[in-house]
Amino acid sequence: MPLLTRIRGPRDLDRLSLEQLDQLAEEIRTFLVGAVSKTGGHLGPNLGVVELTIALHRVFDSPRDKVLFDTGHQAYVHKLLTGRQDFSKLRSKGGLSGYPSRAESEHDIIENSHASTVLGWADGLAKANELLKRDSHVVAVIGDGALTGGMAWEALNNIADAKDRPLVIVVNDNERSYSPTIGGLANHLATLRTTDGYEKFLARTREVLERTPVVGKPLYETLHGAKKGLKDFIAPQGMFEDLGLKYVGPIDGHDIEALESALARAKRFGGPVIVHCLTEKGRGYKPAEQDEADRFHGIGPIHPDTGLPIKAAAASWTSVFGDEMVKLGREREDIVAITAAMLHPVGLKKFADAFPNRVYDVGIAEQHGAVSAAGLATGGLHPVFAVYATFLNRAFDQVLMDVALHKCGVTFVLDRAGVTGDDGASHNGMWDMSMLQVVPDLRIAAPRDAEQLRAQLREAVDVDDAPTVLRYSKGVVGPAVPAVGTVGGMDVLRKADAPVPDVLLVSVGALAPMCLEIAGLLDKQGISTTVVDPRWVKPVDEALAPLAARHRVVVTVEDNSRVGGVGSAIAQALRDAGVDVPLRDFGIPPRFLDHASRKEVMAEIGLTAPDIARQVTGLVAKLDGGRFDRTSATRAVDSVETARD
Ligand SMILES: Cc1ncc(C[n+]2csc(CCOP(=O)(O)OP(=O)(O)O)c2C)c(N)n1
Ligand SMILES: CC(=O)[C@@H](O)[C@H](O)COP(=O)(O)O
Ligand SMILES: [Mg+2]
């Protein structure tokens with residue numbers, strides 16, 4: 001990589017000729033395939049923005065000028081050009097983040113990997129530049145998928161209002177989110193893509209007319225002056241133009257010279273301007289180009305020559321959900337599915353194949369998805385909105401005020417709940433069970449294994465007068481964890497072998513195997529433990545308080561924030577029931593977690609069996625300091641119904 005290794009910062013690009021820039025682009029593609037095939041990551045999106053990112057850093061002067069990326073999954077090339085070329089530990093602990101990171105570089109601004117926020121950031125930065133009279137440009141790169149998000153349009157509405165506030169918006173249009181981008185906007189962009197750009201027409205006309213003596217120049221001026229009508233006729237740009245935004249394009253997003261020319265013009269424009277670039281996701285790497293599903297949007301480690309995964313996919317929580325949805329779809333015609341531009345990742349592809357007119361891809365528009373679900377439910381259907389837990393954050397008010405307030409039977413299935421790890425802070429599904437605790441009548445289930453996922457999904461879709469939520473982890477589904485009894489609606493996973501058990505351990509969702517391991521470790525300390533799985537964690541099961549009263553201490557373990565999570569809700573339920581048994585809640589601390597593997601993050605935050613067992617042992621030891629009279633406790637064992645044969 002003779003050229004790439006010589007690029008230590010964006011200014012090193014200035015001395016390269018066009019031929020060398022094309023060579024650099026090839027070197028970057030080779031680098032990306034070689035590096036990301038080892039680590040996994042967003043190969044497709046980054047292969048699509050090689051020339052675009054080179055041109056951006058040639059025309060704009062980062063970090064004085066701010067180069068912003070929406071979602072940030074397509075910022076690998078930006079990292080390569082801004083002094084970060086060691087991708088050996090990409091997305092791993094201590095290695096480069098898979099997204100922009102302020103800790104890594106002054107060239108990075110937005111770390112949030114939630115889509116459709118870049119234009120808001122750009123609007124704010126442009127306003128600050130204007131007010132502080134700062135000589136700095138703002139250029140925001142937003143994908144056609146992210147442009148389907150409502151926040152992008154809220155920002156555009158503001159940006160278009162300030163005709164003299166410089167701001168360059170680059171639409172990176174590769175016609176896809178994961179799947180082909182949907183909706184009216186996508187169709188409009190397609191119109192812009194397919195017509196021969198007005199700019200090209202004008203450039204050609206100027207050439208001809210300037211060679212035409214006498215009438216040529218005035219005629220050109222007239223033509224240029226009639227731009228609105230002319231533009232709509234030659235290259236309908238209605239939407240952006242009608243918003244008052246200057247539109248430049250469509251530009252070949254793989255032609256560095258054309259890109260630089262368009263970006264330079266946009267930079268000089270002195271107001272808000274959109275540069276519409278046509279790119280190809282996965283460009284230059286056949287396996288990605290030929291990947292119909294999502295052009296290698298996000299991959300695990302692969303064989304670089306074939307693009308085939310190194311590890312075969314094992315049964316995941318997602319696949320268990322997807323298969324059960326197909327069965328449900330056959331049994332109940334009222335069941336419909338919603339996805340926010342993530343049909344495959346949330347496991348709805350099979351449902352879509354089986355029931356093509358009963359699945360709605362709303363684009364990257366989770367808020368709309370939730371409100372639309374309220375409409376679907378009110379219209380007599382039962383929508384199942386499958387979405388990553390962290391992406392539901394932005395639809396909180398819609399869940400509260402549209403779905404719950406109107407008692408709509410909507411089921412939200414939250415994939416990637418809990419610590420996800422390598423996608424960094426904004427991808428952990430660590431807020432859902434806190435956020436949703438405050439939604440009246442909403443019920444939350446946290447399945448511990450595949451059988452419980454199937455069962456709880458069926459229970460959820462049977463509720464037609466309130467929202468229900470299922471949440472489960474990323475990746476391979478855990479081992480089957482059978483119940484040995486029940487108490488109320490809760491499953492007993494392990495009965496204490498003492499008449500007055502020490503610990504009632506409340507295990508939430510997929511952490512059941514770890515909780516059983518904790519109980520085993522406590523056994524070795526002579527501490528007896530009952531392990532229960534509430535199954536439905538909201539509302540708190542009525543049998544929990546009386547059961548707690550028969551133990552010396554309650555311990556809750558959840559893959560959610562400690563703040564306002566299940567542990568907090570159970571503590572409140574015990575207080576309300578007048579049961580003052582000490583409670584210790586284990587969960588994710590309320591802080592942003594740096595990227596690392598899930599296992600590493602869980603260890604870092606102490607959500608491991610040894611860590612928890614150690615703390616519980618200390619707790620019980622304190623109780624044994626004489627504060628607790630064992631004889632006063634009644635027998636707990638008989639309160640557990642013996643397991644059905
Ligand atoms: C709020 C939100 N919902 C969903 C996602 C998951 N997601 C990440 S990238 C992506 C597709 C983005 O498409 P586009 O903006 O066109 O970028 P491209 O990958 O095509 O470059 C989606 C849906 C997200 N990051 N944020
Ligand atoms: C950038 C983005 O939000 C998605 O591509 C996300 O990285 C996917 O995560 P999974 O790999 O867990 O599906
Ligand atoms: Mg796209």
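Atoms within a ligand are numbered from 1 in the order they appear, just like the ligands themselves.
Scanning the protein heavy atoms around atom 8 (C) of ligand 2, the nearest turns out to be Y178 OH, 3.3 Å. Of the protein's non-hydrogen atoms, the one nearest atom 10 (P) of ligand 2 is R416 NH2, 3.6 Å. Looking only at heavy atoms of the protein, atom 9 (O) of ligand 2 is closest to D423 OD2, 3.4 Å. Nearest to atom 2 (C) of ligand 2 among the protein's heavy atoms is H427 NE2, 3.4 Å. With hydrogens left out, the protein atom closest to atom 13 (O) of ligand 2 is Y388 OH, 2.5 Å, a heavy atom. Looking at atom 1 (C) of ligand 2, its nearest protein heavy atom turns out to be Y99 OH, 3.2 Å.
Interatomic distance, CZ of F385 versus OG1 of T411, reported as 12.5 Å (0.5 Å rounding). Atom CZ of R416 is separated from atom CE of M342 by 7.0 Å, given to the nearest 0.5 angstrom. Expressed to the nearest 0.5 Å, how far CG of L376 lies from CD1 of I338 amounts to 5.0 Å. From M430, atom CE reaches atom CG of N393 across 10.0 Å, with rounding to the nearest 0.5 Å.
Under the side-chain contact (heavy atoms from CB on, under 4.5 Å) rule, I142 has a single partner from T71, T117, L156, L119, which is L119.
Ion pair K93/E600 not flagged as a salt bridge, since none of the NZ, NE, NH1 or NH2 atoms sits closer than 4.0 Å to an Asp/Glu carboxylate oxygen. Under a 4.0 Å N-O distance rule, the pair R29/E51 qualifies as a salt bridge. Salt bridge status for D144 with R176: absent, with no side-chain N to carboxylate O gap under 4.0 Å.
Heavy atoms from other residues, nucleotides or ligands lying under 6.0 Å from CD of Q290 number more than 12. In the displayed structure, K267 atom NZ is contacted under 6.0 Å by more than 12 heavy atoms of other residues, nucleotides or ligands.
Residue H73 has no nitrogen or oxygen atom sitting less than 3.5 Å from a nitrogen or oxygen atom of ligand 2, judged on distance alone.
Protein N/O/S atoms closer than 2.8 Å to the Mg ion (ligand 3), listed by chain and residue number, are D144 OD1, N174 OD1, R176 O.
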Check against side chain to side chain contact (heavy atoms under 4.5 Å, CB included), E111 and F592
CA-CA 11 Å; E111 302 185 353; F592 296 115; over 6 Å; no
Which is it for S113 and H427 under the side chain to side chain donor-acceptor pair (under 3.5 Å) test, yes or no, and what are the steps along the way?
CA-CA 7 Å; S113 60; H427 259 75; 2.5 Å; yes
Can you list the steps and then say if K350 with D323 is a side chain to side chain contact (heavy atoms under 4.5 Å, CB included)?
CA-CA 7 Å; K350 287 182 181 176; D323 292 342; 2.8 Å; yes
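Heavy atoms of M342 stay at 4.0 angstrom or farther from ligand 2.
The distance between the ring centers of H73 and H297 falls below 6.0 angstrom.
Heavy-atom proximity to K474, at under 4.0 Å, picks out these atoms of ligand 2: 10 (P), 11 (O), 12 (O). Close approach to F391 involves these atoms of ligand 2, each under 4.0 Å from a residue heavy atom: 3 (O).
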Ligand-protein N/O pairs under 3.5 Å (ligand 1):
unit_1	atom_1	unit_2	atom_2	d
ligand 1	3 (N)	E366	OE2	2.7
ligand 1	15 (O)	A146	N	2.8
ligand 1	16 (O)	D144	N	3.4
ligand 1	16 (O)	D144	OD1	3.1
ligand 1	16 (O)	G145	N	2.7
ligand 1	16 (O)	R176	O	2.9
ligand 1	19 (O)	H73	NE2	2.7
ligand 1	19 (O)	K281	NZ	2.7
ligand 1	20 (O)	N174	OD1	3.1
ligand 1	20 (O)	N174	ND2	2.8
ligand 1	20 (O)	R176	O	2.9
ligand 1	20 (O)	K281	NZ	3.2
ligand 1	21 (O)	N174	ND2	3.4
ligand 1	25 (N)	S113	O	2.8
ligand 1	26 (N)	A115	N	2.9

